[in-house]
Visitor: 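Encoded as structure tokens, here's the structure I'll be asking about.
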Amino acid sequence: MSADAALLDAAADWCDRYTPLVAIDAPYGLILDISGCAHLFGGEGAMLRDVVRRLERAGLRAEAAVASEAGTAQALVSQRPQMTPVRRIVATGDEAAHVAPLALASLRLAPEMIARLARLGLSTLGDLADLPRPSLVRRFGADLLTRLDRAFGRAGSPISPRIPVPALSAERRLFEPVSLQEDIERLVLALAERLTVDLATRCEGGRRFDLALFRVDGKVERVGVATAAPLRDPLRIARLFRERLTGIGDAIDVGFGFDLVRLSVAETAAVADRQTSLAGGGANGEALSDLVDRLGARLGENTVLTAQPVQSHRPERAERRHSLLGAGHPASGQLASDAAAATPPLLAPRPVRLLGTPEPVEAAYELPDGAPLHFRWRKALHRVRRAEGPERIAPEWWRDPFEGTRDYYRVEDEAGRRFWLFRVDASDALDAAADLLASGEEDFGDREDFEDGAEDGAAASVPEAGARDDAAAPADPGAAAFPAFAAPAAAGAARPSWYMHGIFA
Amino acid sequence: MPLSSEERLATADRQAGWNPVRVGPPHRLAIVARGQSEAPKPPRSEDRPRQLEAARPSSSPPRARKAELEALRAQIARIEGELPALLEAPASPPGRNRDAGAAVEPDLSAAERQALTPLRRRLPRAAVPLGVAEADRALGGGFPAEGLSEIHLDATRDSGTGAGFVLALASLFADGRPVLWAAPSFALNEGGLPYLPGLDAFGAPRLILVRTRRLEEAAWAAEEAARSGALSLVVLETLGNPACLTLDGTRRLHLRARQAGLPLVLLRQGGRADATAAPLRLRLRAAAAPPAPLRGKLVGPPVFDVSIEKSRNPQRFQVEWNPDERRFQPVTATGADARPRLPVPLDRPDPAAELRSRLAVRRVS
């Protein structure tokens, strides 16, 4: 089934060469909105023949119909497979003549509904259309009538295109397929020059450009670039695609070459014309957006990031990283302005680097509520010389109800490194979990104790324990002297767990 | 058969690759390259060897000789990447933020700056003073405002110190243009991502983070950024000493950054001293702020322990960052830290040690 869907997707991709509005009519159909496109292919009849012929050449048997409404065409091709495939063009106003003789199955009704209608002696759509409408609705529901109206072209059926329709697009058909990257770049430049005129008349610039490369054998490659600021300059557009194509490298399978190249502007933004100086040279903002565009084009859109402050107590949520490219991001237009100046003032110091996920550390402490005496992070022991804290940060219960309250400490080890540690009382988290979950099976404390026990057992069972001790000599004597490491946790009493979250300057 | 001390010296010289000939053009070149302000006096004509006689007629007037010397110095400086200029006496007077070049051309586009590049070469090297007399003296005027500089950290867990120092530099260089920080994602996973709320203590520079999959991509991004001239500082962060950032790779970065007149900092987590094209290499360690009367057991301001490793006179100094006034200041010692600050020994394997018996290899860095 998924293979069928993939095939249908590929066919829909290929049909993009006729119109940008292609919708999938599951499970086996495609709907193409050819309004305003047919004359480009020599009229509706020629277009229909072209589609069917090309699909047949690709090994697909297709039935096709052209009508004013999608419902009419759908009904015409939804009959049982016949000896001669359907090729029909329905003129506007002529729907009833074409649709009336069709069997009820072409409305795609449920089988039991068809059986009920057949028992009443109704076999074609014409029979159904002759009946009084109120009684039909009363006996068979409004859905039947809606389908009937759509088939007769009396009601429009909305179609949802698979790919958002671009604001502008320009394409070039080639009699001789191209496969070299330089050729594609040259074509992109030519297409961008055509788009620039339209963008200029609309006083807009593109924020996202899509390049569709239609391969001779029907496969379609799509390459997109996003920009940090509205862009109209064809040279810069072409240069972005050059970076993108270079960055993609061999990911595009050229095959026998591409015979249709289309460049479209997926997102636009207003851009004001600006007076440039006679001395030449753009402003600094332009150089910056050019750099950001090129980095994003070569390395991927989500590589070039900026951060924005967010109102949240949780340190990991206090900033939001997002790409500088594309129009879908809230602050993307503020490349030239100072976005970071809006940071709300903080009372407590925050680290200069934050770890992606808090990393567990083994910490020893004097008092259960106090700062750690020493801790082991990434196998290295740090002795705490100075400490500040705790700064208690409660979880956002509306987001993560099972989290415990965190007590943050800012500590300085003997070498002068400063870290941001926090302690989560496992019992807190467990209480919260037990409150919310009837079956509180998550027992962090027990699992940790079990792990500790397993380690001890392993150490005792290894015969060359002496050798191990030698290897770990600098760390082990200290570890033996740590009260918290050595103290067996009482059963049921969950130990607080410590995590490393950030590093200060 | 035992050798005499003379013979042993000669053998050692030969093994070290030194030419046993005492006087000759190569020696003269080496002496000039040391950056001495005055060339050694020429020997009197009667005891001058034959080669020198052939190379330069003794009747050359002193002005022509001086011009020739100047040309030679310029050539050597070009070959060496303007290395000796850094260790001359502090060129720019304290308080001036930029060099003479920046004063002449207040805001130029990249193209215009490029056109002026040969002119800039002759101007004194740009350096931005840190504002601490000891540090500026050790650095020869300040932190270089163009070209590549390396900052090494002992281990990944010092990443906060490195980030703090780099961001402090960014606030020194700040001129309204943003800072670009390029790093492969594995380095950022190890050392942590720059954290926006924490940047406040460093003047909240506008940071563009480029997080790439591979190191080569980050290096490419840094090179492109160095070329664009739309940034105030470019930072490239790596782990250790990768193969793509040896002499060749760093040379490209250095040249690009110098051409654009832009400082580029290569921040290595856990890097070992290696031969690179960077004229300046610092090793950075964290240091605890000395106890102060009101501080008690509280954590003090960040203190950076900086050792200048790549330099003709390695030095070591400490500076403290004042997060409130956002400037460097001398460490506010209250007599606690009176240890003599000696240059730290370079803790690294000597790459030439195993080759010395067979090849004449001189230290590159």
Side-chain angles (χ1 to χ4, degrees), chain A residues 247 279-292 294-295 298-300 302-309 315 318-319 321 324 338-341 343 345-346 349-356 377-378 380 382 385-388 410-419 502-505, chain B residues 107-112 155-161 163-165 167-168 176-178 180 188-189 191-202 204-213 217 220-221 224-225 228-231 285-289 297-300 302-305 321 323:
Chain A
N284 187 37
E286 197 165 307
L288 181 62
S289 65
D290 188 34
L291 171 72
V292 168
R294 279 188 299 128
L295 293 182
R298 173 71 78 93
L299 305 173
N302 292 322
T303 305
V304 190
L305 305 170
T306 185
Q308 272 223 309
E319 66 164 8
R321 299 203 164 276
L324 271 172
D338 202 348
T343 318
L346 274 167
R350 286 288 179 266
V352 74
R353 309 187 87 151
L354 197 73
L355 296 176
W377 176 52
R378 290 183 183 171
H382 301 264
R385 273 202 3 194
R386 295 169 180 161
E388 289 177 12
R410 187 182 176 213
V411 301
E412 181 179 282
D413 74 354
E414 56 200 345
R417 303 185 193 99
R418 300 166 189 86
F419 298 106
I503 309 170
F504 284 94
Chain B
D107 54 343
L108 293 177
S109 68
E112 281 165 329
T156 303
R157 55 179 169 277
D158 288 315
S159 63
T161 310
F165 191 71
L167 289 168
R177 295 180 294 181
L180 188 131
L188 289 175
N189 289 346
L193 284 148
Y195 184 49
L196 182 67
L199 303 190
D200 220 25
F202 296 92
R206 222 152 29 98
L207 201 65
I208 297 175
L209 184 71
V210 179
R211 186 173 55 183
T212 62
R213 283 182 301 272
E217 292 175 344
W220 176 84
E224 288 293 310
S228 82
L231 303 158
R285 292 191 178 89
K297 270 207 80 174
L298 296 180
V299 179
V303 177
F304 303 106
D305 182 317
W321 176 256

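Reminder, nothing fancy here: chain letters follow the sequence lines and each chain counts from 1.
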Visitor: Do you know which of A:Ile503, A:Leu355, A:Val352 has the most heavy-atom pairs under 4.5 Å to chain B?
Guide: A:Val352
Visitor: Which region of B:Ala287, side chain (C-beta onward) or backbone (N, CA, C, O), has a non-hydrogen atom less than 4.5 Å from a non-hydrogen atom of chain A, or is it both or neither?
Guide: backbone
Visitor: The test is side-chain contact (heavy atoms from CB on, under 4.5 Å); show your working for B:Glu224 and A:Leu295 and say whether it passes.
Guide: CA-CA 8 Å; B:Glu224 288 293 310; A:Leu295 293 182; 4.2 Å; yes
Visitor: If we define contacts as heavy-atom pairs under 4.5 Å, which of A:Arg294, A:Arg418, A:Arg321 has the most with chain B?
Guide: A:Arg418
Visitor: Taking all non-hydrogen atoms of both residues into account, name the closest pair between B:Gly300 and A:Arg410 and its distance.
Guide: O-NH2, 4.0 Å
Visitor: Look at B:Ala289, B:Pro323, B:Ala201 and state which one has the largest set of heavy-atom pairs under 4.5 Å with chain A.
Guide: B:Ala289
Visitor: By a 4.5 Å heavy-atom criterion (distance strictly below it), what part of B:Ala155 contacts chain A: side chain, backbone, both, or neither?
Guide: neither
Visitor: Please classify the contact between B:Phe165 and chain A as side chain, backbone, both or neither, with a heavy-atom cut-off of under 4.5 Å.
Guide: neither
Visitor: Can you find a pair of side-chain heavy atoms, one from A:Thr303 and one from B:Val210, that are under 4.5 Å apart?
Guide: yes
Visitor: Minimum heavy-atom separation for A:Arg353 to B:Gly192, with atom names?
Guide: NE-O, 2.9 Å
Visitor: Picking from B:Glu217, B:Arg213, B:Arg157, B:Arg211, which has the most non-hydrogen pairs under 4.5 angstrom with chain A?
Guide: B:Arg157
Visitor: Measure the spacing between CZ of A:Arg417 and CG of B:Asp158 and express it to the nearest 0.5 Å.
Guide: 4.5 Å
Visitor: CG of B:Leu207 to OG1 of A:Thr306: how many Å apart, nearest 0.5 Å?
Guide: 7.5 Å
Visitor: Of all heavy-atom pairs between B:Leu298 and A:Ala387, which one has the smallest distance, and what is that distance?
Guide: CD2-O, 4.3 Å
Visitor: What pair of heavy atoms forms the shortest contact from A:Arg350 to B:Tyr195, and how long is it?
Guide: CD-CE2, 4.0 Å
Visitor: What's the shortest heavy-atom distance between B:Pro302 and A:Ala505, and which atoms?
Guide: CB-O, 3.6 Å
Visitor: So, is the end of the A:Arg298 side chain (NZ or CZ) under 6.0 Å from the ring centre of B:Trp220 and within 45° of the ring's axis?
Guide: yes
Visitor: Kindly give the heavy-atom pair with the smallest separation between A:Leu291 and B:Ser228, and that separation in Å.
Guide: CD2-OG, 3.7 Å
Visitor: What's the spacing between B:Leu209 CG and A:Leu324 CG if we round to 0.5 Å?
Guide: 10.0 Å
Visitor: Can a donor-acceptor pair be found, under 3.5 Å and without considering hydrogens, that links the side chain of A:Glu412 to the backbone of B:Val299?
Guide: no
Visitor: Quick one: CD on A:Glu319 to CG on B:Leu193, what's the gap to the nearest 0.5 Å?
Guide: 7.5 Å
